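Below is one structure, written out as structure tokens; comments come after it.
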There are 2 protein chains.
Amino acid sequence: MTDSGGAREESSVAGTSRRDAVLESALGVFARYGYRRTSMEEVARTARISRPGLYFLFESKESLFRAAVTQALERDLAAAERLLADQGTPLRERVLGAFDRWAGRYVGPLSNDVSGVIEQNPDLLGAIVVTAPDRFEALVTKAVEDGPFPETATSVVRTLISVSVGLKHQVETRQEYRDRLAVAIDLLVG
Amino acid sequence: MTDSGGAREESSVAGTSRRDAVLESALGVFARYGYRRTSMEEVARTARISRPGLYFLFESKESLFRAAVTQALERDLAAAERLLADQGTPLRERVLGAFDRWAGRYVGPLSNDVSGVIEQNPDLLGAIVVTAPDRFEALVTKAVEDGPFPETATSVVRTLISVSVGLKHQVETRQEYRDRLAVAIDLLVG
DNA sequence: ACTATACAAACTAGGCGAAACTTGTAAAGT
DNA sequence: ACTTTACAAGTTTCGCCTAGTTTGTATAGT
């Protein structure tokens with residue numbers, strides 16, 4: 001458990017480090033092939049880095065996976081928060097945008113493998129995967145409470161989340177997901 | 001394709017034949033162990049019939065499975081229809097009852113295997129599994145159209161079906177499924 | 001309208017060793 | 001702050017085989 005938690009700063013642009021770039025491409029590979037079937041070799045090749053170099057950045061395959069998932073979750077959560085906060089657009093559209101961003105990535109092809117790893121390592125990677133959906137729910141609920149029916153916000157958002165989960169199993173394309181979720185939002189968010 | 005389609009009548013009580021009883025217990029076994037891992041031997045034993053006798057009733061394992069699934073679907077559809085037609089109880093409760101009956105069986109442990117067989121034999125067993133959900137949707141939509149907002153009935157029911165699918169993946173118990181679906185129905189069905 | 005017994009053909013499971021691949025680390029280099 | 005090359009230990013995959021199970025049918029019986 002060394003993984004680097006200390007201060008590391010130099011090279012590249014302000015907020016985005018080399019590390020972050022590797023994390024991003026690694027997530028793409030994990031999402032495409034699943035955790036078990038992606039090798040560090042493949043991740044390294046995709047990130048245009050050597051495999052030992054990858055081990056220099058991340059202690060192990062597991063810690064790399066954990067970091068990649070965590071980063072994606074945090075980023076999508078932040079994006080959802082930003083979309084929801086924009087008072088310029090109507091509530092319905094803000095909520096739709098937040099779900100689209102959140103579910104598009106989090107419930108995507110990645111989720112199968114995330115849940116697979118969770119089942120086998122309940123302790124590892126566990127915290128973020130449980131808390132992130134809760135945080136998303138809280139965010140959306142807060143936004144809906146500023147709408148016309150604050151008292152039903154909790155139920156409405158819970159129901160919308162169920163719709164979102166269901167749609168992921170029913171539809172083929174992201175566009176269809178958006179369209180049908182928009183209908184549900186129109187019905188549920190006054 | 002012999003399977004018996006002609007006129008067969010005698011023994012046992014009016015509507016329920018020996019065949020039906022075998023079908024019912026066969027469904028239980030299939031639901032418990034999945035299609036591949038249940039043997040005709042096991043089905044025969046559970047139905048208290050000899051294995052050759054089972055082959056006398058059903059041409060093959062596949063046709064038995066198809067018949068069992070079809071029977072269950074038709075029965076649950078009929079039950080949903082009956083529940084929805086009862087003008088004595090409020091619309092909300094009728095809709096909840098219909099979903100509970102429908103999703104409880106159809107989306108239950110059986111569904112994994114049904115979809116598995118569908119994937120491998122798209123033609124066989126295909127028709128009923130596609131049409132039955134459509135028929136269920138039509139049934140509920142018709143009932144909701146008699147409610148206060150007939151013009152949104154189609155969207156409302158589609159959304160409720162998504163909620164139902166989502167809940168199946170979110171909740172652990174049938175009771176929790178009922179409770180949360182009831183909340184959604186209250187929000188969506190005026 | 002079945003039961004009991006039996007059988008061929010097909011499929012499935014389990015074992016097992018060899019080959020291939022993967023992880024994680026080391027060492028030397030730039 | 002990495003790269004290249006190299007390597008041990010572990011895991012996965014593969015091919016092949018054998019043994020066991022399962023399907024579907026037949027035959028004789030009640």
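The sequence lines fix the lettering, A, B, ..., with proteins before strands; numbering per chain opens at 1. Nothing here was measured: the structure is a model prediction, and the numbers come from that model.
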Could you list the donor-acceptor pairs under 3.5 angstrom formed between side-chain atoms of residues 127-136 of chain A and any protein atom two or more places apart in sequence or on another chain?
{"from": "Thr131(A)", "atom 1": "OG1", "to": "Ala127(A)", "atom 2": "O", "distance (Å)": "3.1"}
{"from": "Thr131(A)", "atom 1": "OG1", "to": "Ile128(A)", "atom 2": "O", "distance (Å)": "3.4"}
{"from": "Arg135(A)", "atom 1": "NH1", "to": "Glu74(A)", "atom 2": "OE2", "distance (Å)": "3.3"}
{"from": "Arg135(A)", "atom 1": "NH2", "to": "Glu74(A)", "atom 2": "OE1", "distance (Å)": "3.2"}

Please set out all donor-acceptor pairs under 3.5 angstrom arising from side-chain atoms of residues 178-190 of chain A, sequence neighbours excluded.
{"from": "Arg178(A)", "atom 1": "NH1", "to": "Asp100(A)", "atom 2": "OD2", "distance (Å)": "2.9"}
{"from": "Asp179(A)", "atom 1": "OD1", "to": "Gln175(A)", "atom 2": "NE2", "distance (Å)": "2.9"}
{"from": "Arg180(A)", "atom 1": "NH2", "to": "Ser162(B)", "atom 2": "OG", "distance (Å)": "3.4"}
{"from": "Asp186(A)", "atom 1": "OD1", "to": "Arg92(A)", "atom 2": "NE", "distance (Å)": "2.8"}

Practice problem: Mind checking side-chain contact (heavy atoms from CB on, under 4.5 Å) for Ala79(B) and listing every partner two or more places apart, or none if nothing turns up? | Solution: Arg82(B), Arg101(B)
Practice problem: Apply salt bridge (charged side-chain N to carboxylate O under 4.0 Å, His left out) to Glu137(A) and list each qualifying residue two or more places apart in sequence or on a separate chain. | Solution: Arg158(A)
Atom pairs and distances, donor-acceptor, side-chain atoms in residues 44-54 of chain B, under 3.5 Å, two or more places apart:
{"from": "Arg45(B)", "atom 1": "NH1", "to": "Glu42(B)", "atom 2": "OE1", "distance (Å)": "2.8"}
{"from": "Thr46(B)", "atom 1": "OG1", "to": "Glu42(B)", "atom 2": "O", "distance (Å)": "2.8"}
{"from": "Ser50(B)", "atom 1": "OG", "to": "Gly53(B)", "atom 2": "N", "distance (Å)": "3.1"}

Practice problem: For the helix from dA1(C)-dT30(D) to dT30(C)-dA1(D), measure the angle between the helix axis at one end and the axis at the other, each built from five pairs, rounding to 10°. | Solution: 50°
Exercise. Mind running a 4.0 Å heavy-atom check of residues 38-46 of chain A against DNA chain D and sending the residues that fall below it, in number order?
Key: none
Quiz item: Do NZ/NE/NH1/NH2 and the carboxylate oxygens of Arg75(B) and Glu24(B) come within less than 4.0 Å?
Solution: yes
Quiz item: Residues in side-chain contact (heavy atoms from CB on, under 4.5 Å) with Phe149(B), at least two apart?
Solution: Glu151(B), Thr152(B)
Quiz prompt | Results of side-chain contact (heavy atoms from CB on, under 4.5 Å) for Ala21(B) - residues two or more places apart only | solution = none
Practice problem: Let me know the distance between CZ of Arg18(B) and P of dA1(C), rounded to the nearest Å. | Solution: 11 Å
Protein-nucleic acid N or O pairs under 3.5 Å, nucleotides 25-30 of chain D:
none

